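It should be emphasised that the depicted structure is a prediction, and the values quoted were computed from it without experimental measurement.
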Amino acid sequence: MFDNILIWFVVIPIAMMAGLGLCRNSGIKAIRAVMVVCSTVLLGLAIWLCCDFLLQRERGVMDEMLHVGSWMWYAPLNIHLAVGVDGISVLMILLSAIIVFAGTFASWKIEPLPKNFFLWFALLSTGVFGFFISIDIFTMFMFYEVALIPMYLLIGVWGTGRKEYSAMKLTLMLMGGSAFLMLGLLGIFWHSAPEGGELTWNILEIAQNNCIDPNWQYMLFCFTFVGFGVLGAMFPFHTWSPDGHASAPTAVSMLHAGVLMKLGGYGCFRIAIFLLPQAANELAWIFIILTGISIVYGAFSACVQTDLKYINAYSSVSHCGMVLFAILMLNATAMTGAIMQMLSHGLMTALFFALIGMIYGRTHTRDIRQMGGLMKIMPYLGVCYMIAGFASLGLPGLSGFVAEMTIFFGAFQDADVFHRIFVICSTTAIVITAVYILRVVGKLLLGPVQDDHHLSLTDATWFERLATVTLILCIAGIGCFPNWINEAINHSFTPIINALQASVF
(Lines give C-alpha, C1' and ligand atoms only; values in the text may rest on other atoms or scores of the structure.)
Protein backbone atom coordinates (compact mmCIF):
# COMPACT_ATOMS: atom_id res chain seq x y z
CA MET A 1 0.00 0.00 0.00
CA PHE A 2 2.65 2.50 1.04
CA ASP A 3 4.54 2.13 -2.24
CA ASN A 4 1.70 4.14 -3.86
CA ILE A 5 2.55 7.84 -3.64
CA LEU A 6 -1.12 8.85 -3.30
CA ILE A 7 -1.49 7.14 0.07
CA TRP A 8 1.12 9.50 1.48
CA PHE A 9 -1.17 12.48 0.93
CA VAL A 10 -3.34 11.01 3.68
CA VAL A 11 -0.52 9.54 5.77
CA ILE A 12 1.40 12.83 6.09
CA PRO A 13 -1.54 14.87 7.51
CA ILE A 14 -2.20 12.00 9.93
CA ALA A 15 1.50 12.08 10.89
CA MET A 16 1.09 15.83 11.28
CA MET A 17 -1.69 15.26 13.81
CA ALA A 18 0.39 12.65 15.63
CA GLY A 19 3.35 15.03 15.81
CA LEU A 20 1.15 17.83 17.11
CA GLY A 21 -0.30 15.47 19.70
CA LEU A 22 3.18 14.89 21.12
CA CYS A 23 3.80 18.63 21.48
CA ARG A 24 2.96 20.47 24.68
CA ASN A 25 0.44 23.28 24.44
CA SER A 26 3.12 25.76 25.48
CA GLY A 27 5.67 24.46 22.96
CA ILE A 28 4.77 26.87 20.16
CA LYS A 29 8.13 26.39 18.41
CA ALA A 30 7.65 22.63 18.24
CA ILE A 31 4.08 23.08 16.99
CA ARG A 32 5.24 25.42 14.24
CA ALA A 33 8.10 23.09 13.34
CA VAL A 34 5.73 20.14 12.87
CA MET A 35 3.40 22.21 10.67
CA VAL A 36 6.20 23.69 8.56
CA VAL A 37 7.93 20.35 7.98
CA CYS A 38 4.76 18.43 7.12
CA SER A 39 3.24 21.18 4.94
CA THR A 40 6.55 21.55 3.08
CA VAL A 41 6.74 17.79 2.49
CA LEU A 42 3.16 17.81 1.22
CA LEU A 43 3.94 20.67 -1.18
CA GLY A 44 7.11 18.96 -2.42
CA LEU A 45 5.22 15.69 -2.92
CA ALA A 46 2.44 17.46 -4.83
CA ILE A 47 4.95 19.19 -7.12
CA TRP A 48 6.70 15.86 -7.75
CA LEU A 49 3.35 14.18 -8.51
CA CYS A 50 2.44 16.94 -10.97
CA CYS A 51 5.79 16.77 -12.77
CA ASP A 52 5.65 12.96 -12.89
CA PHE A 53 2.10 13.06 -14.29
CA LEU A 54 3.05 15.51 -17.05
CA LEU A 55 6.14 13.43 -17.89
CA GLN A 56 4.12 10.24 -18.19
CA ARG A 57 1.58 11.94 -20.44
CA GLU A 58 4.43 13.26 -22.59
CA ARG A 59 5.76 9.69 -22.88
CA GLY A 60 2.40 8.56 -24.23
CA VAL A 61 0.89 6.98 -21.11
CA MET A 62 -2.78 7.77 -21.70
CA ASP A 63 -4.45 5.60 -19.07
CA GLU A 64 -7.61 7.17 -17.69
CA MET A 65 -6.11 7.18 -14.18
CA LEU A 66 -2.49 6.91 -13.06
CA HIS A 67 -1.04 5.61 -9.78
CA VAL A 68 -4.11 3.40 -9.41
CA GLY A 69 -4.32 1.20 -6.33
CA SER A 70 -7.13 -0.68 -4.62
CA TRP A 71 -7.28 -2.46 -1.27
CA MET A 72 -10.32 -4.22 0.16
CA TRP A 73 -11.73 -2.38 3.16
CA TYR A 74 -15.17 -3.90 3.86
CA ALA A 75 -15.96 -7.00 1.81
CA PRO A 76 -19.74 -7.35 2.51
CA LEU A 77 -20.41 -4.05 0.71
CA ASN A 78 -17.44 -4.33 -1.67
CA ILE A 79 -15.89 -1.13 -0.28
CA HIS A 80 -12.29 -0.54 -1.29
CA LEU A 81 -9.70 2.05 -0.45
CA ALA A 82 -9.28 2.78 -4.14
CA VAL A 83 -7.05 5.60 -5.32
CA GLY A 84 -6.01 7.08 -8.64
CA VAL A 85 -5.49 10.46 -10.28
CA ASP A 86 -6.00 12.11 -13.62
CA GLY A 87 -4.91 15.61 -14.59
CA ILE A 88 -7.80 17.26 -12.74
CA SER A 89 -7.09 15.41 -9.49
CA VAL A 90 -3.38 16.21 -9.71
CA LEU A 91 -4.06 19.94 -10.05
CA MET A 92 -6.51 19.91 -7.15
CA ILE A 93 -3.94 18.12 -4.97
CA LEU A 94 -1.32 20.72 -5.94
CA LEU A 95 -3.76 23.55 -5.13
CA SER A 96 -4.53 22.01 -1.74
CA ALA A 97 -0.83 21.60 -0.89
CA ILE A 98 -0.06 25.21 -1.83
CA ILE A 99 -2.85 26.57 0.36
CA VAL A 100 -2.03 24.31 3.32
CA PHE A 101 1.57 25.55 3.07
CA ALA A 102 0.55 29.22 2.83
CA GLY A 103 -2.11 28.79 5.52
CA THR A 104 0.49 27.44 7.95
CA PHE A 105 2.46 30.69 7.78
CA ALA A 106 -0.68 32.83 7.72
CA SER A 107 -1.59 31.25 11.11
CA TRP A 108 1.88 31.66 12.59
CA LYS A 109 0.58 33.56 15.63
CA ILE A 110 -2.84 31.95 16.00
CA GLU A 111 -4.31 32.30 19.49
CA PRO A 112 -5.63 30.76 21.67
CA LEU A 113 -4.74 27.03 21.77
CA PRO A 114 -2.50 26.87 18.69
CA LYS A 115 -1.94 23.12 19.09
CA ASN A 116 -5.67 22.37 19.00
CA PHE A 117 -6.19 24.73 16.08
CA PHE A 118 -3.54 23.02 13.96
CA LEU A 119 -4.85 19.55 14.92
CA TRP A 120 -8.26 20.39 13.47
CA PHE A 121 -6.61 22.15 10.53
CA ALA A 122 -4.62 18.96 9.80
CA LEU A 123 -7.78 16.84 10.01
CA LEU A 124 -9.46 19.16 7.52
CA SER A 125 -6.44 18.74 5.22
CA THR A 126 -6.67 14.95 5.55
CA GLY A 127 -10.25 14.99 4.31
CA VAL A 128 -9.45 17.28 1.38
CA PHE A 129 -6.50 15.22 0.12
CA GLY A 130 -8.35 11.95 0.66
CA PHE A 131 -11.31 13.19 -1.37
CA PHE A 132 -9.20 14.13 -4.38
CA ILE A 133 -7.26 10.85 -4.53
CA SER A 134 -10.30 8.55 -4.10
CA ILE A 135 -11.95 6.73 -7.00
CA ASP A 136 -14.25 4.71 -4.72
CA ILE A 137 -17.48 6.61 -4.09
CA PHE A 138 -17.80 5.43 -0.49
CA THR A 139 -14.29 6.45 0.56
CA MET A 140 -14.70 9.72 -1.36
CA PHE A 141 -17.86 10.47 0.63
CA MET A 142 -16.12 9.48 3.88
CA PHE A 143 -13.25 11.90 3.25
CA TYR A 144 -15.81 14.53 2.20
CA GLU A 145 -17.42 14.25 5.64
CA VAL A 146 -14.01 14.29 7.37
CA ALA A 147 -13.30 17.60 5.65
CA LEU A 148 -16.60 19.12 6.80
CA ILE A 149 -16.60 18.08 10.47
CA PRO A 150 -13.67 20.27 11.69
CA MET A 151 -15.24 23.43 10.28
CA TYR A 152 -17.68 23.78 13.18
CA LEU A 153 -14.96 23.92 15.84
CA LEU A 154 -12.46 25.90 13.76
CA ILE A 155 -15.03 28.66 13.26
CA GLY A 156 -16.88 28.31 16.57
CA VAL A 157 -13.71 28.47 18.73
CA TRP A 158 -11.19 30.52 16.74
CA GLY A 159 -13.54 32.64 14.63
CA THR A 160 -14.69 36.24 15.08
CA GLY A 161 -18.02 38.06 15.13
CA ARG A 162 -21.12 35.84 15.23
CA LYS A 163 -18.93 32.77 15.17
CA GLU A 164 -21.28 30.33 16.95
CA TYR A 165 -24.19 31.27 14.68
CA SER A 166 -22.03 31.07 11.55
CA ALA A 167 -20.49 27.74 12.54
CA MET A 168 -23.89 26.18 13.25
CA LYS A 169 -25.45 27.56 10.07
CA LEU A 170 -22.56 26.29 7.96
CA THR A 171 -22.63 22.85 9.59
CA LEU A 172 -26.40 22.39 9.28
CA MET A 173 -26.54 23.46 5.63
CA LEU A 174 -23.55 21.38 4.58
CA MET A 175 -24.88 18.36 6.47
CA GLY A 176 -28.21 18.88 4.72
CA GLY A 177 -26.34 18.83 1.42
CA SER A 178 -24.57 15.66 2.57
CA ALA A 179 -27.95 13.99 3.16
CA PHE A 180 -28.95 14.66 -0.47
CA LEU A 181 -25.54 13.50 -1.59
CA MET A 182 -25.73 10.26 0.39
CA LEU A 183 -29.09 9.41 -1.19
CA GLY A 184 -27.64 10.03 -4.64
CA LEU A 185 -24.52 7.95 -4.03
CA LEU A 186 -26.47 5.04 -2.53
CA GLY A 187 -28.76 5.11 -5.58
CA ILE A 188 -25.76 5.01 -7.90
CA PHE A 189 -24.33 2.05 -5.96
CA TRP A 190 -27.56 0.02 -6.10
CA HIS A 191 -27.74 0.54 -9.87
CA SER A 192 -24.02 0.19 -10.56
CA ALA A 193 -23.94 -3.32 -12.03
CA PRO A 194 -25.73 -5.09 -14.90
CA GLU A 195 -28.20 -7.81 -14.02
CA GLY A 196 -26.36 -10.64 -12.27
CA GLY A 197 -23.19 -8.56 -11.90
CA GLU A 198 -21.46 -7.41 -8.74
CA LEU A 199 -22.36 -4.05 -7.26
CA THR A 200 -19.43 -1.65 -7.06
CA TRP A 201 -18.49 1.72 -5.60
CA ASN A 202 -15.61 2.20 -8.06
CA ILE A 203 -16.18 5.23 -10.31
CA LEU A 204 -14.34 3.74 -13.29
CA GLU A 205 -16.25 0.46 -13.10
CA ILE A 206 -19.62 2.21 -12.77
CA ALA A 207 -18.85 4.36 -15.82
CA GLN A 208 -17.73 1.30 -17.78
CA ASN A 209 -20.86 -0.68 -16.86
CA ASN A 210 -23.08 2.27 -17.87
CA CYS A 211 -26.21 0.48 -16.72
CA ILE A 212 -28.05 3.07 -14.61
CA ASP A 213 -31.60 3.34 -15.92
CA PRO A 214 -32.33 6.81 -17.42
CA ASN A 215 -35.42 7.23 -15.24
CA TRP A 216 -33.28 6.70 -12.14
CA GLN A 217 -30.56 8.96 -13.51
CA TYR A 218 -32.82 12.01 -13.42
CA MET A 219 -33.51 11.67 -9.70
CA LEU A 220 -29.95 10.67 -8.79
CA PHE A 221 -28.50 13.56 -10.81
CA CYS A 222 -30.61 16.05 -8.85
CA PHE A 223 -29.55 14.53 -5.53
CA THR A 224 -25.83 14.47 -6.34
CA PHE A 225 -25.65 17.84 -8.10
CA VAL A 226 -27.58 19.59 -5.33
CA GLY A 227 -25.54 17.77 -2.67
CA PHE A 228 -22.24 18.90 -4.15
CA GLY A 229 -23.74 22.22 -5.29
CA VAL A 230 -24.45 23.23 -1.69
CA LEU A 231 -20.72 23.09 -0.98
CA GLY A 232 -20.10 24.95 -4.25
CA ALA A 233 -22.34 27.80 -2.94
CA MET A 234 -24.94 27.33 -5.68
CA PHE A 235 -28.01 29.59 -5.46
CA PRO A 236 -30.23 29.32 -3.41
CA PHE A 237 -28.07 27.12 -1.14
CA HIS A 238 -25.28 29.67 -0.81
CA THR A 239 -26.31 31.55 2.34
CA TRP A 240 -23.97 29.62 4.66
CA SER A 241 -20.94 30.75 2.70
CA PRO A 242 -20.73 34.53 3.44
CA ASP A 243 -21.41 34.05 7.16
CA GLY A 244 -18.97 31.14 7.41
CA HIS A 245 -16.19 32.99 5.61
CA ALA A 246 -16.74 36.19 7.58
CA SER A 247 -16.40 34.44 10.93
CA ALA A 248 -13.65 31.93 10.11
CA PRO A 249 -10.01 32.50 11.15
CA THR A 250 -7.62 33.38 8.35
CA ALA A 251 -6.15 29.97 7.49
CA VAL A 252 -9.57 28.32 7.69
CA SER A 253 -11.04 30.90 5.31
CA MET A 254 -8.11 30.26 2.98
CA LEU A 255 -8.57 26.50 2.98
CA HIS A 256 -12.36 26.69 3.01
CA ALA A 257 -12.79 29.07 0.07
CA GLY A 258 -9.59 28.01 -1.68
CA VAL A 259 -10.02 24.24 -1.53
CA LEU A 260 -13.09 22.99 0.35
CA MET A 261 -15.55 24.72 -1.99
CA LYS A 262 -13.73 23.07 -4.90
CA LEU A 263 -14.88 19.70 -3.59
CA GLY A 264 -18.33 20.76 -4.75
CA GLY A 265 -17.28 21.53 -8.32
CA TYR A 266 -15.02 18.47 -8.51
CA GLY A 267 -17.80 16.19 -7.23
CA CYS A 268 -20.35 17.58 -9.72
CA PHE A 269 -17.86 16.95 -12.49
CA ARG A 270 -16.54 13.55 -11.38
CA ILE A 271 -19.81 11.94 -10.24
CA ALA A 272 -22.94 13.81 -11.36
CA ILE A 273 -21.81 14.52 -14.94
CA PHE A 274 -19.60 11.48 -15.54
CA LEU A 275 -21.78 8.73 -14.03
CA LEU A 276 -25.19 10.17 -14.97
CA PRO A 277 -24.59 11.53 -18.49
CA GLN A 278 -28.11 11.17 -19.87
CA ALA A 279 -29.60 13.10 -16.96
CA ALA A 280 -26.84 15.69 -17.33
CA ASN A 281 -27.81 16.28 -20.95
CA GLU A 282 -31.50 16.53 -20.11
CA LEU A 283 -31.43 18.49 -16.84
CA ALA A 284 -28.38 20.75 -17.19
CA TRP A 285 -30.57 23.70 -18.19
CA ILE A 286 -32.21 23.81 -14.74
CA PHE A 287 -28.88 24.17 -12.98
CA ILE A 288 -27.56 26.58 -15.62
CA ILE A 289 -30.32 28.95 -14.48
CA LEU A 290 -29.36 28.53 -10.81
CA THR A 291 -25.62 28.93 -11.41
CA GLY A 292 -26.21 31.90 -13.70
CA ILE A 293 -28.10 33.56 -10.85
CA SER A 294 -25.20 32.72 -8.50
CA ILE A 295 -22.73 34.49 -10.77
CA VAL A 296 -24.66 37.74 -11.10
CA TYR A 297 -26.23 37.76 -7.62
CA GLY A 298 -22.88 37.13 -5.92
CA ALA A 299 -21.23 39.97 -7.82
CA PHE A 300 -24.05 42.44 -7.09
CA SER A 301 -24.11 41.45 -3.41
CA ALA A 302 -20.37 42.07 -3.12
CA CYS A 303 -20.92 45.62 -4.40
CA VAL A 304 -23.04 46.66 -1.42
CA GLN A 305 -20.92 45.14 1.35
CA THR A 306 -18.62 47.16 3.60
CA ASP A 307 -16.96 44.28 5.46
CA LEU A 308 -13.84 43.04 3.64
CA LYS A 309 -14.59 39.38 4.37
CA TYR A 310 -18.18 39.64 3.23
CA ILE A 311 -17.03 41.29 0.00
CA ASN A 312 -14.68 38.41 -0.70
CA ALA A 313 -17.25 35.83 0.42
CA TYR A 314 -19.91 37.06 -2.01
CA SER A 315 -17.23 37.32 -4.68
CA SER A 316 -16.55 33.62 -4.04
CA VAL A 317 -20.23 32.82 -4.58
CA SER A 318 -19.96 34.50 -7.98
CA HIS A 319 -16.69 32.83 -8.98
CA CYS A 320 -17.70 29.36 -7.76
CA GLY A 321 -20.99 29.77 -9.62
CA MET A 322 -18.89 30.31 -12.72
CA VAL A 323 -17.20 26.94 -12.14
CA LEU A 324 -20.51 25.05 -12.00
CA PHE A 325 -21.88 27.10 -14.90
CA ALA A 326 -18.92 26.07 -17.08
CA ILE A 327 -19.19 22.39 -16.12
CA LEU A 328 -22.87 22.40 -17.16
CA MET A 329 -21.97 23.58 -20.67
CA LEU A 330 -20.88 19.96 -21.22
CA ASN A 331 -18.06 20.67 -23.66
CA ALA A 332 -14.31 20.27 -23.25
CA THR A 333 -13.41 23.96 -23.67
CA ALA A 334 -15.80 25.19 -20.99
CA MET A 335 -14.78 22.35 -18.66
CA THR A 336 -11.13 23.30 -19.15
CA GLY A 337 -12.09 26.82 -18.11
CA ALA A 338 -13.90 25.44 -15.06
CA ILE A 339 -10.75 23.65 -13.85
CA MET A 340 -8.66 26.77 -14.50
CA GLN A 341 -11.21 28.82 -12.57
CA MET A 342 -11.05 26.38 -9.66
CA LEU A 343 -7.29 26.85 -9.54
CA SER A 344 -7.44 30.61 -10.08
CA HIS A 345 -10.17 31.25 -7.55
CA GLY A 346 -8.55 28.93 -5.02
CA LEU A 347 -5.30 30.86 -5.14
CA MET A 348 -6.64 34.40 -5.35
CA THR A 349 -9.33 33.97 -2.68
CA ALA A 350 -6.73 32.38 -0.38
CA LEU A 351 -4.55 35.44 -1.01
CA PHE A 352 -7.50 37.75 -0.33
CA PHE A 353 -8.39 36.09 2.96
CA ALA A 354 -4.74 35.97 4.04
CA LEU A 355 -4.36 39.71 3.39
CA ILE A 356 -7.68 40.54 5.07
CA GLY A 357 -6.53 38.61 8.15
CA MET A 358 -3.22 40.48 8.18
CA ILE A 359 -4.93 43.86 7.80
CA TYR A 360 -7.53 43.03 10.46
CA GLY A 361 -4.80 41.89 12.84
CA ARG A 362 -3.32 45.39 12.64
CA THR A 363 -6.33 47.68 12.29
CA HIS A 364 -8.82 45.54 14.30
CA THR A 365 -11.55 46.38 11.81
CA ARG A 366 -12.74 44.99 8.48
CA ASP A 367 -15.05 47.92 7.72
CA ILE A 368 -13.70 49.74 4.64
CA ARG A 369 -15.45 52.93 5.80
CA GLN A 370 -13.05 53.12 8.75
CA MET A 371 -9.92 52.60 6.65
CA GLY A 372 -8.05 54.55 4.02
CA GLY A 373 -4.56 55.44 2.89
CA LEU A 374 -3.13 52.06 3.96
CA MET A 375 -0.83 51.98 0.93
CA LYS A 376 1.29 54.67 2.62
CA ILE A 377 1.43 52.74 5.89
CA MET A 378 1.83 49.15 4.68
CA PRO A 379 2.96 49.31 1.06
CA TYR A 380 3.75 45.60 0.77
CA LEU A 381 0.31 44.47 1.92
CA GLY A 382 -1.26 47.18 -0.24
CA VAL A 383 0.49 46.00 -3.40
CA CYS A 384 -0.43 42.38 -2.65
CA TYR A 385 -4.09 43.35 -2.20
CA MET A 386 -4.06 45.18 -5.53
CA ILE A 387 -2.60 42.10 -7.25
CA ALA A 388 -5.31 39.89 -5.74
CA GLY A 389 -7.95 42.40 -6.85
CA PHE A 390 -6.62 42.60 -10.39
CA ALA A 391 -6.58 38.78 -10.61
CA SER A 392 -10.21 38.73 -9.46
CA LEU A 393 -11.39 41.24 -12.06
CA GLY A 394 -9.53 39.39 -14.85
CA LEU A 395 -6.45 41.45 -15.62
CA PRO A 396 -4.42 39.85 -18.46
CA GLY A 397 -1.24 38.20 -17.20
CA LEU A 398 -2.94 36.86 -14.07
CA SER A 399 -4.88 33.64 -13.58
CA GLY A 400 -8.38 35.15 -13.56
CA PHE A 401 -8.15 36.34 -17.16
CA VAL A 402 -7.13 32.95 -18.56
CA ALA A 403 -9.84 31.10 -16.62
CA GLU A 404 -12.75 33.44 -17.40
CA MET A 405 -11.90 33.81 -21.09
CA THR A 406 -11.75 30.02 -21.48
CA ILE A 407 -15.08 29.60 -19.68
CA PHE A 408 -16.97 32.16 -21.75
CA PHE A 409 -15.37 31.05 -25.02
CA GLY A 410 -16.42 27.46 -24.31
CA ALA A 411 -19.87 28.44 -23.06
CA PHE A 412 -20.56 30.46 -26.21
CA GLN A 413 -19.93 27.41 -28.41
CA ASP A 414 -23.50 26.22 -27.83
CA ALA A 415 -25.51 28.09 -30.47
CA ASP A 416 -29.03 27.80 -29.05
CA VAL A 417 -30.74 30.94 -27.75
CA PHE A 418 -31.10 29.73 -24.14
CA HIS A 419 -27.39 29.13 -23.66
CA ARG A 420 -26.38 32.33 -25.43
CA ILE A 421 -28.69 34.47 -23.28
CA PHE A 422 -27.34 33.05 -20.03
CA VAL A 423 -23.75 33.36 -21.20
CA ILE A 424 -24.28 37.03 -22.07
CA CYS A 425 -25.98 37.67 -18.71
CA SER A 426 -23.15 35.93 -16.88
CA THR A 427 -20.49 38.02 -18.59
CA THR A 428 -21.96 41.10 -16.90
CA ALA A 429 -20.39 39.79 -13.70
CA ILE A 430 -16.99 40.78 -15.12
CA VAL A 431 -18.04 44.44 -15.19
CA ILE A 432 -19.66 44.23 -11.75
CA THR A 433 -16.52 42.61 -10.33
CA ALA A 434 -14.42 45.48 -11.65
CA VAL A 435 -16.77 47.93 -9.88
CA TYR A 436 -16.50 46.47 -6.38
CA ILE A 437 -12.78 45.59 -6.65
CA LEU A 438 -11.79 49.10 -7.75
CA ARG A 439 -14.12 50.59 -5.12
CA VAL A 440 -12.48 48.58 -2.34
CA VAL A 441 -8.94 49.27 -3.56
CA GLY A 442 -9.65 52.98 -3.75
CA LYS A 443 -11.35 53.14 -0.36
CA LEU A 444 -8.93 50.85 1.49
CA LEU A 445 -5.53 51.74 0.08
CA LEU A 446 -5.73 55.20 -1.46
CA GLY A 447 -6.83 58.62 -0.28
CA PRO A 448 -6.29 60.13 3.18
CA VAL A 449 -5.74 58.06 6.32
CA GLN A 450 -9.09 57.81 8.15
CA ASP A 451 -7.74 56.85 11.57
CA ASP A 452 -4.60 58.46 13.00
CA HIS A 453 -3.92 55.32 15.05
CA HIS A 454 -3.21 53.49 11.78
CA LEU A 455 -0.13 55.66 11.19
CA SER A 456 1.81 53.59 13.72
CA LEU A 457 0.99 50.22 12.11
CA THR A 458 3.71 47.96 10.71
CA ASP A 459 3.99 46.24 7.36
CA ALA A 460 4.11 42.47 6.73
CA THR A 461 6.44 40.20 8.70
CA TRP A 462 8.68 37.56 7.09
CA PHE A 463 6.20 34.70 7.53
CA GLU A 464 3.37 36.81 6.12
CA ARG A 465 5.53 37.70 3.12
CA LEU A 466 6.35 34.03 2.54
CA ALA A 467 2.65 33.09 2.51
CA THR A 468 1.65 35.90 0.14
CA VAL A 469 4.61 35.55 -2.23
CA THR A 470 3.86 31.82 -2.64
CA LEU A 471 0.29 32.57 -3.71
CA ILE A 472 1.18 35.54 -5.94
CA LEU A 473 3.81 33.55 -7.83
CA CYS A 474 1.25 30.81 -8.50
CA ILE A 475 -1.37 33.33 -9.69
CA ALA A 476 1.11 34.99 -12.06
CA GLY A 477 2.46 31.61 -13.17
CA ILE A 478 -0.96 30.40 -14.29
CA GLY A 479 -1.71 33.72 -15.97
CA CYS A 480 1.55 33.80 -17.95
CA PHE A 481 2.03 30.07 -18.58
CA PRO A 482 -1.38 28.35 -18.77
CA ASN A 483 -0.47 25.74 -21.40
CA TRP A 484 0.87 23.18 -18.94
CA ILE A 485 -2.52 23.12 -17.20
CA ASN A 486 -4.25 22.42 -20.49
CA GLU A 487 -1.76 19.64 -21.21
CA ALA A 488 -2.39 18.11 -17.80
CA ILE A 489 -6.18 18.02 -18.02
CA ASN A 490 -6.83 17.69 -21.77
CA HIS A 491 -6.99 13.88 -21.82
CA SER A 492 -9.04 13.80 -18.61
CA PHE A 493 -12.14 15.10 -20.40
CA THR A 494 -12.18 12.38 -23.08
CA PRO A 495 -14.09 9.70 -21.08
CA ILE A 496 -16.62 12.27 -19.84
CA ILE A 497 -17.27 13.81 -23.25
CA ASN A 498 -17.57 10.32 -24.77
CA ALA A 499 -20.12 9.34 -22.11
CA LEU A 500 -22.12 12.53 -22.72
CA GLN A 501 -22.11 12.02 -26.49
CA ALA A 502 -23.02 8.33 -26.23
CA SER A 503 -25.98 9.13 -23.98
CA VAL A 504 -27.56 11.37 -26.63
CA PHE A 505 -28.29 8.50 -28.99
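Closest non-hydrogen pair, Ile203 versus Met140, comes out as CD1-CE, 3.7 Å. Residue Gly394 comes nearest to Glu404 through the heavy atom pair CA-OE1, 4.4 Å, listed as atom of the first residue, atom of the second, then distance. Annotation for Ser392 and Phe352: closest pair CB-CE1, 3.8 Å, computed over non-hydrogen atoms. Smallest separation of non-hydrogen atoms from Ser178 and Glu145: OG-OE2, 2.7 Å. Taking each heavy atom of Ile133 and Leu6 in turn, the nearest pair found is CD1-O, 3.4 Å. Summarising the geometry of Leu500 relative to Asn281, their closest heavy-atom pair is O-ND2, 3.0 Å, with the distance given to 0.1 Å.
Remark: Lys169 engages Asp243 in a salt bridge (charged side-chain N to carboxylate O under 4.0 Å, His left out) (not counting sequence neighbours). For His319, the side-chain hydrogen bond (donor to acceptor under 3.5 Å, both in side chains) test picks out Ser315, with sequence neighbours left out.
Using a 30° and 60° split on the angle between ring planes, Trp201 and Phe189 fall in the parallel class, below 30°. Classification of the Trp48-His67 ring pair by plane angle, with boundaries at 30° and 60°, yields tilted. Relative orientation of the Phe223 and Phe180 rings is tilted, given thresholds of 30° and 60° on the angle between their planes. Relative ring orientation between Phe418 and Trp285 is described as perpendicular, the plane-to-plane angle rising above 60° on a 0-90° scale split at 30° and 60°.
Atom-to-atom distance recorded for Asn490:CG and Ile339:CD1 is 12.0 Å, nearest 0.5 angstrom. The distance from atom CD1 of Ile496 to atom CD1 of Ile88, rounded to the nearest 0.5 Å, is 5.5 Å. Between the CD atom of Glu205 and the CD1 atom of Ile135 there is a distance of 8.5 Å, given to the nearest 0.5 Å. For the atom pair SG (Cys268) and CE (Met234), the distance works out to 7.0 Å, reported to the nearest 0.5 Å. Atoms CG and NE2, on Asp307 and His245 in that order, are 13.0 Å from each other to the nearest 0.5 Å. Annotation: the span from Thr250 atom OG1 to Ile356 atom CD1 amounts to 9.0 Å, rounded to 0.5 Å.
Crowding of Phe300 atom CZ: a count of heavy atoms from other residues, nucleotides or ligands under 6.0 Å not exceeding 12. A 6.0 Å sphere centred on CD of Gln56 holds more than 12 heavy atoms belonging to other residues, nucleotides or ligands. Within 6.0 Å of CE on Met142 lie more than 12 heavy atoms contributed by other residues, nucleotides or ligands. Residue Phe138 places its CZ atom among 12 or fewer non-hydrogen atoms of other residues, nucleotides or ligands, all under 6.0 Å distant.
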- prompt: Is there a side chain to side chain contact (heavy atoms under 4.5 Å, CB included) between Ile212 and Gln278 once you walk through the steps?
  reply: CA-CA 10 Å; Ile212 302 177; Gln278 186 161 340; over 6 Å; no

task: Decide yes or no on side chain to side chain contact (heavy atoms under 4.5 Å, CB included) for Phe129 and Leu42, but give the supporting numbers first.
output: CA-CA 10 Å; Phe129 284 112; Leu42 277 171; 3.9 Å; yes

task: Evaluate salt bridge (Lys or Arg N to Asp or Glu O under 4.0 Å) for Asp86 paired with Arg57, printing each intermediate quantity in order.
output: CA-CA 10 Å; Asp86 62 1; Arg57 285 289 191 244; over 6 Å; no

message: Show, in sequence, the C-alpha distance, side-chain angles and deciding distance for Gln217 and Glu282, and conclude whether the side chain to side chain contact (heavy atoms under 4.5 Å, CB included) test is met.
response: CA-CA 10 Å; Gln217 281 197 32; Glu282 295 291 334; over 6 Å; no

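For the pairing with Phe269, the ring pair (Phe, Tyr, Trp, His ring centres under 6.0 Å) check across Phe493, Phe274, Phe228 returns one residue only, Phe493. Looking at Val100, Val10, Ile14 one by one, the single match for side-chain contact (heavy atoms from CB on, under 4.5 Å) with Ser125 turns out to be Val100.
Residues His238 and Tyr297 bring their aromatic ring centres within 6.0 Å. Ring pair His191/Trp216: centre-to-centre distance below 6.0 Å. Aromatic ring centroids of Phe131 and Phe141 lie 6.0 Å or more apart.
If you check the side chains of Ser134 and Tyr144, you find no donor sitting under 3.5 Å from an acceptor. Thr333 and Gln413 form a side-chain donor-acceptor contact under 3.5 Å, judged by distance and modelled atom types alone. For the residue pair Asn483 / Glu487, no side-chain donor-acceptor distance below 3.5 Å is found, with atom types taken as modelled. Side-chain contact annotation: Ser316 with Thr349, donor-acceptor N/O pair under 3.5 Å present.
Put simply, the side chain of Thr406 never gets that close to the backbone of Gly337: no donor and acceptor are under 3.5 Å apart.
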